[in-house]
Protein chains: 2
Amino acid sequence: MKQVTINDVAKAAGVSRQTVSRAMNDKGEISEETKERVLTAVRELGYRPNRMAQSMVTRRTGTVGLVFSDILNPFFPEVARGVQDVAREQEYNVFLCNTDDDPKVETQILQSLVAQGVDGIIILGSCLGAKALLEFADTYHPIIMTNRFVNHININQLIVDNVRGGALAAEHFVQQGHQHVGIITNENVSYSRVRRIQGFCNTLLQYEVACDDSVIESGAPTLAGGYAAAKRLLTRQPQLTALFAYNDLMALGAMRACRDMNLNIPEQVSIIGFDDIHLTSIVSPSLSSIRVDKYMIGVKAMTRLLEMLARPDAEFPWQEMPVELVLRESTRLVNPQNDLKSS
Amino acid sequence: MKQVTINDVAKAAGVSRQTVSRAMNDKGEISEETKERVLTAVRELGYRPNRMAQSMVTRRTGTVGLVFSDILNPFFPEVARGVQDVAREQEYNVFLCNTDDDPKVETQILQSLVAQGVDGIIILGSCLGAKALLEFADTYHPIIMTNRFVNHININQLIVDNVRGGALAAEHFVQQGHQHVGIITNENVSYSRVRRIQGFCNTLLQYEVACDDSVIESGAPTLAGGYAAAKRLLTRQPQLTALFAYNDLMALGAMRACRDMNLNIPEQVSIIGFDDIHLTSIVSPSLSSIRVDKYMIGVKAMTRLLEMLARPDAEFPWQEMPVELVLRESTRLVNPQNDLKSS
DNA sequence: TTGTACGCGTTATCAA
DNA sequence: TTGATAACGCGTACAA
């Protein structure tokens, strides 16, 4: 039950602690012979250095914090998986924290992580204001943020190409001849909410399709939120034939709303989501969506965090994640309406 | 950017370090007067105790490890949410770790968590052998394990009523008049795999419905695994009219396999899954499943872990999680075949 | 190449 | 009520 310490190894190998430390950390000059003898003792005793003690002197804990709104949204586990896989390779452990999109909770979590001594923090879509984030960044380094542009030397950004995502969805709807298009979006006015709508609406307007507040409905970024928002929107604007959702969960909620309202997908209403979580291809009809490589977001975020840790004074450029439209059954591939109109 | 230490505070307040410690931790006798003086200095200097140094001597880190096979299986995020919510309340932070059902990885993760100094570990469905687990428990306390019965003073169990879950599924199939029933299960012969099949088969046999290895097919406990296993099984045993899956992901995979094989659900094949993850009610046809309160598993696990931490010498009984059959569209609610037979 | 001695920031022990 | 001193386990100058 007692922990094996470096002293036990030293005694067992008949050397001093220092020699053990050298053998383990592979630095400093040490003879192959003694090194091997030490490592054998290490294995036999099952010795693992005590991280707390190491942290004490190295000022590194080998831990990072991963902060996001809700682990129940499948988007985040996919990103988390990327973060964790990179972390494990470098023997880092990851704290996962839910903010529930509550600024107070997020603030508390960040404080808790700092107190915990994490070496770095990754925030996926913060819900804090720019001022709060800048203040935080003044006291902490390094920070990775996705889908948020906060200009600070201690923060490195990883931005999904939200504008293009919105544009791709709009272009498809236009090509399919939709004239009445609606948006189901996040009630929290986040960076990505703004960009996605911006890309979507601007493109629609280019093609002279209307896009104003009257065809936008907001809700929680969840199944239930999407369901309720879609129901409100489709009741208010029954002429809509296409919906662009803030994320896939909201899109799936919207699909259920359509079913409950006896609206066929895609015959009567086409739907495009965002994120392309696994669910999209499982449901029936399957959901068209804007794909982002979520695992890669995690990989890139954690990799960059490690780089920042390795070179604390270096400056790193922000990175962009490309998007791609994946068409499935929730959108029409051909459009008879369009044919009729053009004839 | 330099850290304020307890010594700075001591100097500023004109007292010893020990007095500062007493003032902060609210224990030991200390005069109101000096306490206030110290706390003022603390505020002025912005002093925050260094958790690593605290951990060094208190042997508590305020962290726990949560270990499971794969965060991409929605079952685990739901449990994790319960763990995290309880943890946050008590100012604990949680490490989440994926083992990918690989014993080597799990071993490495456990070692890593121990080295990290976590105060306790929760393992959801370990893939390690009993011997390895007992050995580990000899060196670590406290451990919570779900769906695994390893008798050790340092381990507390939380067991899902797998046998009853299997029995419920079998009873339903029998009531619906199914005579040819198959099983899609986990290729890893886990505790829950054995129990679920046991409950299922024993019940079938009671009603004189066949249940042997010929109607069991294994695969990875994932969508793809379920898909492949179902395809193999239904090809080999085309007479089957009902499938019981190890978990919902496998069941969903099986549903897709049926679709690809032009088998209607539930008319030609009924399917029951296990876990009742959110997905079950989103897909179409929706999936009948054995429900477990996943969030509550997390809550109970973390709560018990805290109890064990508070009373290290106390013995705690194992706990059982009830299950319940939730019928949806993937199973027939009435069975014409049965009516015909009984007439 | 190896060992000695000290410091990291905190709490615990005991004496004052 | 307070303060000096000793841990906690490890890394690292510096000396041998």
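Letters go in sequence order (proteins before strands), and every chain restarts at 1.
- When the side chain to side chain donor-acceptor pair (under 3.5 Å) test is applied to A:N147, the partners found at least two apart in sequence or on another chain are A:N162.
- Of the residues near DNA chain C, A:T34 and A:R17, the one whose nearest nucleotide (by heavy atom distance) lies more toward the 5' end is A:T34.
- The separation between A:N50 atom CG and D:dA7 atom P is 18 Å, rounded to whole Å.
- Terminal axes of the helix from C:dT1-D:dA16 to C:dA16-D:dT1 (five pairs each, C1' rotation axis) are separated by 40°, to the nearest 10°.
- Atom CG in B:N25 sits about 15 Å away from atom P in D:dT2, given to the nearest Å.
- Residues satisfying the side-chain contact (heavy atoms from CB on, under 4.5 Å) test with B:S126, not counting sequence neighbours, are B:E106, B:I123, B:L128, B:L133, B:M145, B:R148.
- Atom CD of B:Q116 and atom P of D:dG9 are 16 Å apart (whole Å).
- Sorted by first and then second residue, the salt bridge (Lys or Arg N to Asp or Glu O under 4.0 Å) pairs with a member in residues 116-137 of chain B form an empty list; sequence neighbours excluded.
- Checked against side chain to side chain donor-acceptor pair (under 3.5 Å), B:D101 has the following partners two or more places apart in sequence or in another chain: B:N188.
- Taking every heavy atom of residues 5-14 of chain B and every atom of DNA chain C, pairs under 4.0 Å involve B:T5, B:I6, by number.
- The distance between atom CD of B:Q54 and atom C1' of D:dA7, rounded to the nearest whole Å, is 16 Å.
- For B:S55, the side-chain contact (heavy atoms from CB on, under 4.5 Å) test picks out A:M52, B:T61, with sequence neighbours left out.
- B:T19 has a side-chain polar atom (N or O) that falls below the 4.0 Å cut-off from OP1 or OP2 of D:dG3.
- Going from atom CG of A:L45 over to atom P of D:dG9 covers 15 Å, rounded to whole Å.
- Comparing A:R51 and B:R37 against DNA chain D, the residue whose closest nucleotide sits nearer the 5' end is B:R37.
- Using a 4.0 Å cutoff to heavy atoms of chain A, the contacted part of DNA chain C runs 5' to 3' from C:dT1 to C:dG9.
- The stretch residues 50-62 of chain B participates, sequence neighbours left out, in no salt bridge (Lys or Arg N to Asp or Glu O under 4.0 Å) pair at all.
- If you measure from atom CZ of A:R22 to atom C1' of D:dC10, you get 14 Å, rounded to the nearest angstrom.
- Checked by atom type and distance alone, the side chain of B:K300 never pairs as donor or acceptor with a backbone atom of B:G298 at under 3.5 Å.
- With rounding to whole Å, B:Q18 atom CD is found 11 Å from D:dT1 atom C1'.
- Listed by chain and number, the residues in a salt bridge (charged side-chain N to carboxylate O under 4.0 Å, His left out) with A:E91 are A:R48 (sequence neighbours excluded).
- Taking the side chain to side chain donor-acceptor pair (under 3.5 Å) definition, one finds that A:S112 meets it with B:N93, sequence neighbours left out.
- Judged by distance alone, with hydrogens and angles left aside, the side-chain atoms of B:Y140 form a donor-acceptor pair with the main-chain N or O of B:G120 at under 3.5 Å.
- Among residue pairs with one or both ends in residues 76-89 of chain B, those qualifying as salt bridge (Lys or Arg N to Asp or Glu O under 4.0 Å) are A:D70-B:R81, A:D100-B:R81, B:R81-B:D85; sequence neighbours excluded.
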